[in-house]
There are 2 protein chains.
Amino acid sequence: MQKNNLYKGSLSTIVLKLLTDNGKMYGYQITREVEKITAGQLVITEGALYPTLHKLEAKGLLNVEIKKVNNRPRKYYFLTENGKKESLNLLNEMRAFIRNLDVLLNPEFL
Amino acid sequence: MQKNNLYKGSLSTIVLKLLTDNGKMYGYQITREVEKITAGQLVITEGALYPTLHKLEAKGLLNVEIKKVNNRPRKYYFLTENGKKESLNLLNEMRAFIRNLDVLLNPEFL
DNA sequence: TATAAATACCTAAGCAATTTAGGTATATTT
DNA sequence: AAATATACCTAAATTGCTTAGGTATTTATA
């Protein structure tokens with residue numbers, strides 16, 4: 001997330017959106033995917049991501065499935081039913097947030 | 001800012017943008033203006049705003065001018081030269097931020 | 001073939017931007 | 001007269017992150 005305060009608060013929503021689109025993902029994969037989608041502009045630090053995944057799991061929004069790939073464990077996360085509902089809510093909040101920032105940056109279009 | 005984590009980190013940029021557009025503003029006026037522009041969706045708490053104004057002043061980005069209106073003091077804030085430069089920087093960062101959130105929410109348009 | 005880089009997970013202290021919950025005081029509306 | 005709006009303020013607590021570590025295996029490179 002690197003130096004930019006603006007992203008603070010958006011990580012959970014971003015994670016839920018990625019899992020909505022991709023079904024199952026593991027932590028490291030999430031960091032790669034976000035960098036890819038934003039062309040390297042947004043880098044999720046692991047110190048932020050892993051605690052967030054654990055928090056979403058503790059809230060009952062995510063479930064985990066551990067798979068061994070190349071003899072190394074991967075923790076695949078996927079949305080619970082509650083997670084799907086909450087994902088929709090948070091995505092709507094984020095859309096409203098973006099709209100509000102847009103009008104604040106361009107008040108002449110009011 | 002009410003319950004929505006997303007706005008965390010955006011307050012300084014919003015304040016600088018308002019002062020860029022309006023020249024001089026006082027704290028209470030800023031809270032009214034943001035509510036007006038966002039149709040009541042974004043409410044700046046005073047506990048967030050006043051420390052932010054003081055911080056921006058301490059950084060040399062804002063100057064203050066106290067005026068008595070109806071026997072009550074108002075503190076009008078306005079951008080310094082450095083404040084104008086920093087405002088442009090932060091606004092560009094915010095535009096990049098919005099673009100990144102947009103592609104994360106709509107990766108199909110990549 | 002040794003070493004570095006990538007993959008894959010993790011935690012904990014510290015920091016910064018908020019929220020929450022107060023406070024003071026005057027002007028205006030009900 | 002009382003409530004609401006105006007107008008400023010602070011400080012403890014909370015929260016979401018950064019920073020800075022840690023472990024271990026696999027793959028690429030010099």
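Every chain is numbered from 1, with letters handed out A, B, ... down the list of sequences. Computed from a prediction, not measured in an experiment: that's the story for all the values here.
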- Query: Where each residue is assigned the nucleotide of DNA chain D containing its nearest heavy atom, which of A:P51 and B:L53 is assigned the position nearer the 5′ end?
  - Reply: B:L53
- Task: Using atom types as modelled and distance alone, determine if a side-chain donor or acceptor of A:N4 lies under 3.5 Å from a backbone N or O of A:L6.
- Result: yes
- Could you list by number each residue of residues 15-35 of chain A showing a heavy-atom separation from DNA chain C of less than 4.0 Å, or answer none if no residue does? A:Y26, A:G27, A:Y28
- Decide yes or no for A:L79 and A:L62: does some side-chain heavy atom of the first lie under 4.5 Å from some side-chain heavy atom of the second? yes
- Task: Tell me whether B:L18 is reachable from B:L88 by hopping between hydrophobic residues (I, L, V, M, F, W, Y) whose side-chain heavy atoms are closer than 4.5 Å.
- Result: no
- Between D:dC17 (C1') and A:N5 (CG): distance, integer Å: 9 Å
- Rounded to the nearest Å, what distance is computed from the CD atom of residue B:E46 to the P atom of nucleotide C:dT19? 12 Å
- Task: Please answer: with hydrophobic residues joined when any side-chain heavy atoms are less than 4.5 Å apart, are B:Y50 and B:V15 in the same cluster?
- Result: yes
- Task: Using a 4.5 Å cut-off on heavy atoms from C-beta on, say whether the side chain of B:D21 contacts that of A:P107.
- Result: yes
- Message: Any heavy-atom pair between the side chains of A:N100 and B:Y7 that's under 4.5 Å?
- Response: yes
- Item | Interatomic distance where CG belongs to B:L6 and P belongs to C:dT19 [whole Å] | 12 Å
- Grab the OH-P distance between B:Y7 and C:dT19 for me, whole Å please. 12 Å
- Query: Between A:Y50 and C:dC9, does any side-chain N or O lie under 4.0 Å from OP1 or OP2?
  - Reply: yes
- Item | ILVMFWY network linking A:V103 to B:M94, side-chain heavy atoms under 4.5 angstrom | yes
- Query: In whole Å, what is the span from the CG atom of B:L49 to the C1' atom of C:dA17?
  - Reply: 13 Å
- If you group Ile, Leu, Val, Met, Phe, Trp and Tyr by side-chain heavy-atom gaps below 4.5 Å, do A:I66 and A:L56 land in one group? yes
- Answer yes or no: does a side-chain N or O of A:H54 lie under 4.0 Å from OP1 or OP2 of C:dC9? no
- Pick base, sugar-phosphate or nothing for A:G47, based on heavy-atom distances below 4.0 Å to the nucleic acid. base
- Query: Under a 4.0 Å heavy-atom cut-off, which of residues 60-79 of chain A touch DNA chain D?
  - Reply: A:N70, A:N71, A:R72
- Message: Taking B:G60's backbone N and O only, do any of them form a donor-acceptor pair with B:T80's side chain (distance below 3.5 Å, no angle check)?
- Response: yes
- Task: Map A:A48 and A:K8 onto DNA chain C by nearest heavy atom, then report which one ends up closer to the 5' terminus.
- Result: A:A48
